Visitor: 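Would you mind keeping the following structure in view while I ask a few things?
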Amino acid sequence: MMRRDPSEVVADLREVERQLNEAWKDISTWQVHIGPVKVNKVMTSRSWFLVLVSVCVFAFAAGVALTLIKETKELGIALVVGSIFAAASFLGQVWTVQVQKEHQVSGDLWGAEQRRHLQRLIEAREKLVDERDAASGGAVRG
């Protein structure tokens, strides 16, 4: 096998990593269809977390404003509490699913190298255990 110039290898590696990042972006894109309107947005777990925090802060601020008005005090309290629980519950679930999706795709895209490294470590350990057992006549375990 002919050795390639290191700069060519680095350039090829950068191109493959760029393509992996594009694949990651495609996988992380969420779509919403409402009639003829189609919305595509790249939403990572960090994006969903920011949405969750924003909704909770907005609901809290709106509730504080409504509780300052005598006629809407109870309504403000109820709306704040209900909206915070609803938003937190829904967005918490979306965030959890997105984190799981990212971990799975990350493992699929970049996990092969880690698996090879772990396999080499396992093989080295097994070799050392066999050596130890052979040297001690098989008396040592663990």
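Numbers for residues simply follow the sequence, beginning at 1. Just so it is clear, the model here is predicted, and its values are computed rather than measured.
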Visitor: Do you reckon V57 sits in the same ILVMFWY cluster as F85, going by side-chain contacts under 4.5 Å, direct or chained?
Guide: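 No, no single cluster joins them.
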Visitor: Given the rule that I, L, V, M, F, W and Y join up when any side-chain heavy atoms are under 4.5 Å apart, are V55 and V81 in one cluster?
Guide: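 Unlinked, V55 and V81 end up in two clusters.
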Visitor: I'd like to know if the side chain of T67 reaches the main chain of V64, judged simply by a donor and an acceptor atom lying under 3.5 Å from each other, with no hydrogens or angles considered.
Guide: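 Between the backbone of V64 and the side chain of T67 there is a qualifying donor-acceptor contact (under 3.5 Å).
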Visitor: Other hydrophobic cluster members with L128, side-chain heavy atoms of Ile/Leu/Val/Met/Phe/Trp/Tyr under 4.5 Å, chained?
Guide: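 Under the 4.5 Å side-chain rule, L128 groups with nothing.
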Visitor: Taking only residues two or more places apart in sequence, or in another chain, which ones meet V80 in a side chain to side chain contact (heavy atoms under 4.5 Å, CB included)?
Guide: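 V80 satisfies side chain to side chain contact (heavy atoms under 4.5 Å, CB included) with I84 only.
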Visitor: How about Q119 and E123: do any of their side-chain heavy atoms sit closer than 4.5 Å?
Guide: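 Side-chain contact under 4.5 Å: yes.
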Visitor: Could you list the residues that satisfy side chain to side chain donor-acceptor pair (under 3.5 Å) with S7, not counting sequence neighbours?
Guide: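 So S7 forms a side chain to side chain donor-acceptor pair (under 3.5 Å) with D5.
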Visitor: Are V53 and V99 grouped together when hydrophobic residues (ILVMFWY) are joined by side-chain heavy atoms under 4.5 angstrom apart?
Guide: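 Yes.
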Visitor: Tell me, which pairs form a salt bridge (Lys or Arg N to Asp or Glu O under 4.0 Å) where one or both residues lie in residues 9-24, sequence neighbours left out?
Guide: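 Sorted result for residues 9-24: R4-D12, E15-R18.
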Visitor: When you look at NZ of K101, are more than 12 heavy atoms from neighbouring residues, nucleotides or ligands closer to it than 6.0 Å?
Guide: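 Yes, enclosed.
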Visitor: When you look at R120 and R116, which way does the side chain to side chain contact (heavy atoms under 4.5 Å, CB included) test go after all the steps?
Guide: CA-CA 6 Å; R120 285 190 300 268; R116 283 192 303 269; 3.9 Å; yes
Visitor: List for me each residue that meets side chain to side chain donor-acceptor pair (under 3.5 Å) alongside E113, sequence neighbours excluded, and say none if there are none.
Guide: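 Counting only residues at least two positions away or on another chain, E113 forms no side chain to side chain donor-acceptor pair (under 3.5 Å).
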Visitor: Could you tell me which non-hydrogen atom of L52 sits nearest to which non-hydrogen atom of L91, and how far apart they are?
Guide: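 For L52 versus L91, the nearest heavy atoms are CA-CD1, 3.5 Å.
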Visitor: Could you work out, with side chain to side chain donor-acceptor pair (under 3.5 Å) as the rule, every residue matching E102, not counting sequence neighbours?
Guide: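 E102 satisfies side chain to side chain donor-acceptor pair (under 3.5 Å) with S45, Q98 once adjacent residues are dropped.
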Visitor: Return the CZ to CG distance between R125 and D130, rounded to the nearest 0.5 Å.
Guide: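 The distance works out to 10.0 Å.
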Visitor: If hydrophobic clusters are built from ILVMFWY residues whose side chains come within less than 4.5 Å, do V105 and L20 share one?
Guide: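 Same cluster.
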